[in-house]
Amino acid sequence: MHSSSAFSPCRFELRPSRWLLGALLALAVLAPISVLASEMPRVVALPLALLVSTIGLGLALRDAWRPTLRVVIDAPDRVSIDDALVDDFTVQWRGALAFLRWRDAAGRRHARSVWPDTLSPRLRRELRLAIPESNAGRGRDSMAP
């Protein structure tokens, strides 16, 4: 546990990433092109190209319409999102990307990705310090045998 003097709260707004939206839109355009350029029979390729384009656009729209979340981390075990306390809040870092996972009061699981364009470097550092990575060194040997 951290004392209140040693731990300063981390507060930020998590909005949809423009970079992720651009990547999803690029995939929605490029995926059908790659299907049509393949050696697949046209009777199968045309419906598949339409399907992958529709799925890609749907994913992009779903992400673009996600609401902005207000995240407050008062302590590693006390996190609220949009003024509601959440359970099992974890942060996993993969290079510059962070993946937030939590459960709401009803027990439903939620997840969001944090791209470099959604948080300033200062807030990314605050998030790293507020929630240390919990799986570091777990289940793996740290040295070669």
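Looking at residues two or more places apart in sequence or on another chain, you find no side-chain hydrogen bond (donor to acceptor under 3.5 Å, both in side chains) involving Arg125. When the salt bridge (Lys or Arg N to Asp or Glu O under 4.0 Å) test is applied to Arg78, the partners found at least two apart in sequence or on another chain are Asp74. Residues meeting the ring-ring contact (aromatic ring centres under 6.0 Å, His included) test with Trp115, sequence neighbours left out: none. In this structure Asp117 satisfies the salt bridge (Lys or Arg N to Asp or Glu O under 4.0 Å) test with no other residue, sequence neighbours excluded. Listed by chain and residue number, nothing satisfies the side-chain hydrogen bond (donor to acceptor under 3.5 Å, both in side chains) test with Arg18 (two or more places apart in sequence, or in another chain). Residues passing the salt bridge (Lys or Arg N to Asp or Glu O under 4.0 Å) test with Arg103 are Asp88, sequence neighbours excluded. By the salt bridge (Lys or Arg N to Asp or Glu O under 4.0 Å) test, Arg122 is found to be paired with Glu126, residues two or more places apart in sequence or in another chain being considered.
Under a hydrophobic-cluster definition in which Ile, Leu, Val, Met, Phe, Trp and Tyr are linked whenever side-chain heavy atoms come within less than 4.5 Å, directly or via other members, Leu119 and Phe89 are assigned to the same cluster. In the hydrophobic cluster analysis, where Ile, Leu, Val, Met, Phe, Trp and Tyr join through side-chain heavy atoms closer than 4.5 angstrom, Trp93 is grouped apart from Leu20. Transitive grouping of hydrophobic side chains (ILVMFWY, heavy atoms separated by less than 4.5 Å) keeps Leu21 and Leu14 in distinct clusters. Under the 4.5 Å side-chain heavy-atom criterion for grouping Ile, Leu, Val, Met, Phe, Trp and Tyr, Val114 is connected to Leu123 within one hydrophobic cluster. Val91 and Leu85 fall into different hydrophobic clusters, where Ile, Leu, Val, Met, Phe, Trp and Tyr side chains are chained together by heavy-atom contacts under 4.5 Å.
Put simply, CH2 on Trp19 and OG1 on Thr118 are 9.0 Å apart, with the number rounded to the nearest 0.5 Å. Ile81 contributes atom CD1, which lies 7.0 Å from atom CG of Leu100 (distance to the nearest 0.5 angstrom).
Side-chain contact between Val79 and Trp102: absent, with no pair of heavy atoms (C-beta onward) separated by less than 4.5 Å.
Scanning all heavy atoms of the two residues, the minimum distance from Val72 to Arg11 falls at CG1-NH1, 3.7 Å.
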Give every donor-acceptor pair under 3.5 Å between a side-chain atom in residues 54-69 and any protein atom, sequence neighbours left out.
unit_1 : atom_1 : unit_2 : atom_2 : d
Thr54  : OG1    : Leu50  : O      : 2.8

Would you mind writing out the side-chain donor-acceptor pairs for residues 25-48 within the sub-3.5 Å range, not counting sequence neighbours?
unit_1 : atom_1 : unit_2 : atom_2 : d
Ser34  : OG     : Ala31  : O      : 2.8
Ser38  : OG     : Val35  : O      : 2.7
Ser38  : OG     : Met40  : N      : 3.3
Arg42  : NH1    : Leu36  : O      : 2.9
Arg42  : NH2    : Leu36  : O      : 3.3

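Pairs engaging residues 104-113 under the salt bridge (Lys or Arg N to Asp or Glu O under 4.0 Å) rule: Asp104-Arg108 [sequence neighbours left out].
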Worked verdict on Val71 versus Leu127 for side-chain contact (heavy atoms from CB on, under 4.5 Å): CA-CA 10 Å; Val71 180; Leu127 178 59; over 6 Å; no
